[in-house]
Participant: 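I have a structure here, written as structure tokens, and I will follow up with some questions on it.
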Amino acid sequence: MARYNPKEVEPKWQKRWEEAQTFKTVADRSKPKYYVLEMFPYPSGRIHLGHVRNYSMGDVIARFKRARGFNVLHPMGWDAFGLPAENAAMQTGAHPATWTYANIDAMKREMKQIGLAIDWDRELATCDLQYYRQQQRLFLDFWKAGLVERRESYVNWDPVDMTVLANEQVIDGKGWRSGAPVERKKLSQWFLKITDRVEDLLAALDDGRLKGWPDNVRLMQRNWIGKSKGLQMKFRFAGVTVAADGSTEIEIYTTRPDTLFGASFVAIAPDHPLAQAYAKSDKAAQSFVAECQRTGTSQEAIDKAEKKGFRLPLEVEHPFIAGRALPVYIANFILMGYGTGAIFGCPAHDQRDLDFARKYALDVIPVILPPGEDAASFAIGDESYLGPGAVYNSDFLNGLSSDAAIDAAIRKIEEMGRGSASTQYRLRDWGVSRQRFWGCPIPAIHCEKCGVVPVPAKDLPVRLPEVDASVFMTPGNPLDRMPEWRNVPCPDCSAPARRETDTFDTFVDSSWYFARFATDPAAWENGPVDKADADYWLPVDQYIGGVEHAILHLLYARFFSRAMKETGHLSVEEPFANLFTQGMVTHATYKDAHGKWLLPEEVVIDSGKARRAHNDEPVIVGPIEKMSKSKKNVVSPQEIVAKYGADAIRWFILSDSPPERDVEWTDAGAAGAWKLVARIWDAVEPAKDAMKAHDLSSPPAGADAELRRATHQTIAAVTDDIEGFRFNKAIARIYEFLNALKKAESADSWSRAEALSALVRLIAPFTPHIAEECWETLGGTGLACNAPWPAADKALLVKEAVILPVQINGKRRAEISVAPSDDAKAIEAAALADIEVNRHLDGLTVRKVVVVPGRIVNIVAS
RNA sequence: GCGGGCGUGGCGGAAUUGGCAGACGCGCCAGACUCAAAAUCUGGUUCCGCAAGGAGUGUCGGUUCGACCCCGACCGCCCGCACCA
């Protein structure tokens, strides 16, 4: 028997698929369409096991849907702009484009070795001129439609990368890439007005439009958007005071207008214009504001930070209590980025306000009485009261519930003309400006006379200039230092003007690539997408990627779809009908005696003990963690493919854990997958040409009923499990089937041929290469990947006899065999007649018999 | 702090959603083949017990003929957000 050799077989079939253009998408609109997409990779240079897991899942779905008769679109591309290419340019002197395209070539080669059923004709990289030119066109359309805004704003400035970060890119107050503490800086920035569409983005989370999304992702988006309803109102300065900035009032935002009568101070953010105004004229104010801005925004800093305030020489009038004045503070715990950057403090019913009030000896006036408390004796200690209750100490609000008091207070403030009901969101507009070279240039020109002018469509694309890699040695944006590129005439008045030197956030690039994939790859001249093509293919039927994109990428893409719909490019506002977020690939970590990380290949595990491979020094085994270069717990897919083949790697990465959970990579597991591939070959090889020898369209008399039932039950179960994204269970069913096939060695050759023909097609989505080799050996027609999915014969899914467990007082004591047609009475009689049952019933009286046909019998006796 | 999720053998995990707990795989044990090893094959493998039997799904309690599943309290772990007014 010839040993199966993946090193020969796998490239052979990859070549055949390519020659036959098997996975090229054809415009056959008579078939139902299915668009399966995995989040496209950043071309870092090598693929890792996380990629393998992601693309294997997509590939199973793509191949399965093809076999089920769908017209499948399964493309691949590259999220190719971004900072690492510039860093590489600094280190190696290679142009970012050179580095990026070399990486793409290498990764594409590695992906092809995995045997993915991808239509490579549709490949694109976001740094391709033809892609980013269309992105510029889209941006101009958005601009025309009022979805773009340019404004001064505070930005998160990464001092190491010398660039602006979106809020989403700031993690614990540090840049997501550099890890450097983020500074605040005021800059003119480009914004996409995502907040204008926030209500629909929010509504779609709950109205069924995203029913194919995991609950946790929808929830994360809802929290991220952070909608809250409240009151926006103005507090007038007491007396006739005019503040340092010339204002006569402070506008605050609150979600608790029911506690207005408990107000004892007003506080503003250190970044608030009023605070800034006082900082200019008052040294003490200035140093307080500076101190606040120094304080980190990390978890630890926030936990430790004491509530601190700076008393301004101002007081405001209480809106409802004549003659009552409240002090005004700059306070370190007020955020400029939320609401109006100013609040009123009600210490009795807000913990932060209470901490603040205790420190500065301000009034603590309870206005919500907890149920069961007495108005005369209730007092606030060290903890504010946040629960429900009846409003008191509050004049016209007395006796109302909190909700009713909120409405009443808002109505009153509105009558007084001091403010109105207001909805606030945590979500900010999307700042898309980046001070980087390796990104899509923002197509705008700054003219002293005409202001900011869009680049006319006829002048597109705004190309990135050819540069020498030496320009990346200086921090900051090289485009700023290139007068020959920067200086252009104004498109409106022809006066000397200069180009915008910011480029787009790379999340812009990845917000519409799925729509571009839907367009005929030859038709780049007609616009960002072909609407007819997009209408046919979109939405993406199955999108697969890491949960780390649950907020950023997925929210931006949803916004982009809406914007593209409004500008006539698309018909859908939700781009991804079904989303699946897969878990990470993890591996044990290893350190040597000096605490240095070790690669798995440097370690040998012997009967539970780990030691170094080359010198037997002891190795400390650390926790199982996400594979990362820094901890060296990485295994390269290339090694595994070389050792066991692509089928084995695909099989193992899907077999061990449910797809949404993390999977631990172990060499033993990979070896086990290899064993399976060999087992399949051993089962198939002796049955050479079995499919030619038998007419499988109808079973002959005397076909092995037991084996046939196993075959058809497996078909039904595997089909169901793949549909439900339970790849681990589908694989378990295939193992069981293989075990059954082994036991049925004496079955007739027709039934075996039927079983093998089904088996090969069931494994084809997981292990496509060996499936082809087996298909050919069995004498199947054409390619296995083009063979129709096997159909389960329903008649064979019904069991012949049913084995029912019999419990006595809830403990399993026996089992009885009954016919599927037996009714409850017959089953009860059979149970009570059973010898084992009677042995256990000896000396007991039967009180009750519960029969659940097809499931169980429970006899209650005492 | 707020929101969400999870807890099952030595390990990854299954259990048709209230009906035989531990499918399937890994590992381990025994046997076959072999001079031997590897590979492969066969059998076994939740725990206690020679057995009959008993215990058992983080802990404690409840509902039910019957609970991994539902309810209550607690313990532990993971994820998201976080001085958001």
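First the proteins, then the strands, lettered A, B, ... as listed; each starts at 1.
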Participant: What contact category does A:N216 fall into here, base, sugar-phosphate, or nothing, at under 4.0 angstrom with non-hydrogen atoms?
Facilitator: nothing

Participant: Which nucleotide wins on minimum distance to the side chain of A:L335, given the candidates B:G66, B:U17, B:C84?
Facilitator: B:C84

Participant: What nucleic acid atoms does A:H349 come within less than 4.0 Å of, heavy atoms only: base, sugar-phosphate, or nothing?
Facilitator: nothing

Participant: Between B:C11 and B:U57, how far is it from one P atom to the other, in whole Å?
Facilitator: 16 Å

Participant: Classify the nucleic acid contact of A:N728 as base, sugar-phosphate or nothing, counting any heavy atom under 4.0 Å across all strands shown.
Facilitator: sugar-phosphate

Participant: As a test of reading the structure: which of B:G3, B:A85, B:G13 is closest to the side chain of A:L219, going by heavy atoms?
Facilitator: B:G3

Participant: Counting side-chain heavy atoms from C-beta on, which of B:C81, B:G80, B:G66 comes nearest to A:W224?
Facilitator: B:C81

Participant: Heavy atoms from C-beta onward define the side chain here; which of B:A14, B:C83, B:U40 lies closest to that of A:P658?
Facilitator: B:A14

Participant: Considering only residues two or more places apart or on different chains, which pairs with a residue in residues 847-860 of chain A satisfy side-chain hydrogen bond (donor to acceptor under 3.5 Å, both in side chains)?
Facilitator: A:R847-A:S862

Participant: Among the candidates B:G12, B:A21, B:C65, find the nucleotide nearest to the side-chain atoms of A:R812.
Facilitator: B:A21

Participant: Examine distances only and state if a side-chain atom of A:H349 and a backbone atom of A:V367 form a donor-acceptor pair shorter than 3.5 Å.
Facilitator: yes

Participant: Between B:A36 and B:C48, how far apart are the two C1' atoms, rounded to whole Å?
Facilitator: 39 Å

Participant: Closest approach to the side chain of A:Y338, judged atom by atom: which nucleotide of B:A85, B:U16, B:G43 is it?
Facilitator: B:A85

Participant: Let's test your reading of the pairing rules: Watson-Crick or G-U wobble, both distances under 3.5 Å, then write RNA chain B as a dot-bracket string with ( ), [ ], | and dots.
Facilitator: (((((((..(((......[....)))((((((.......))))))(((....)))..(((((..]....))))))))))))....

Participant: Could you tell me whether the side chain of A:K307 has a donor or acceptor atom within less than 3.5 Å of a complementary atom in the base of B:C83?
Facilitator: yes

Participant: From C-beta outward on A:R661, which listed nucleotide comes closest to its side chain: B:A85, B:G13, B:C20?
Facilitator: B:G13

Participant: Which residues, if any, of residues 730-738 of chain A bring a heavy atom under 4.0 Å of RNA chain B?
Facilitator: A:A732, A:Y735, A:E736

Participant: Considering only B:C83, B:U42, B:C81, which nucleotide approaches the side chain of A:R426 most closely?
Facilitator: B:C81

Participant: Considering every strand and a 4.0 Å limit on heavy-atom distances, what is the contact class for A:I334: base, sugar-phosphate, or nothing?
Facilitator: base

Participant: Nearest to the side chain of A:R679, heavy atoms from C-beta on, is which of B:A21, B:G25, B:G13?
Facilitator: B:G25

Participant: Compare the minimum distances between each of B:C65, B:C26, B:A85 and the side chain of A:K675, then state the nucleotide with the smallest one.
Facilitator: B:C26

Participant: Once you apply a heavy-atom cut-off of 4.0 Å, does A:R218 come out as touching a base, just sugar-phosphate, or nothing?
Facilitator: nothing

Participant: Ignoring hydrogens and angles, does a donor from either the side chain of A:N858 or the base of B:C65 sit under 3.5 Å from an acceptor on the other?
Facilitator: yes

Participant: Taking only the P atom of each, what is the distance from B:C2 to B:G49 in whole angstrom?
Facilitator: 47 Å

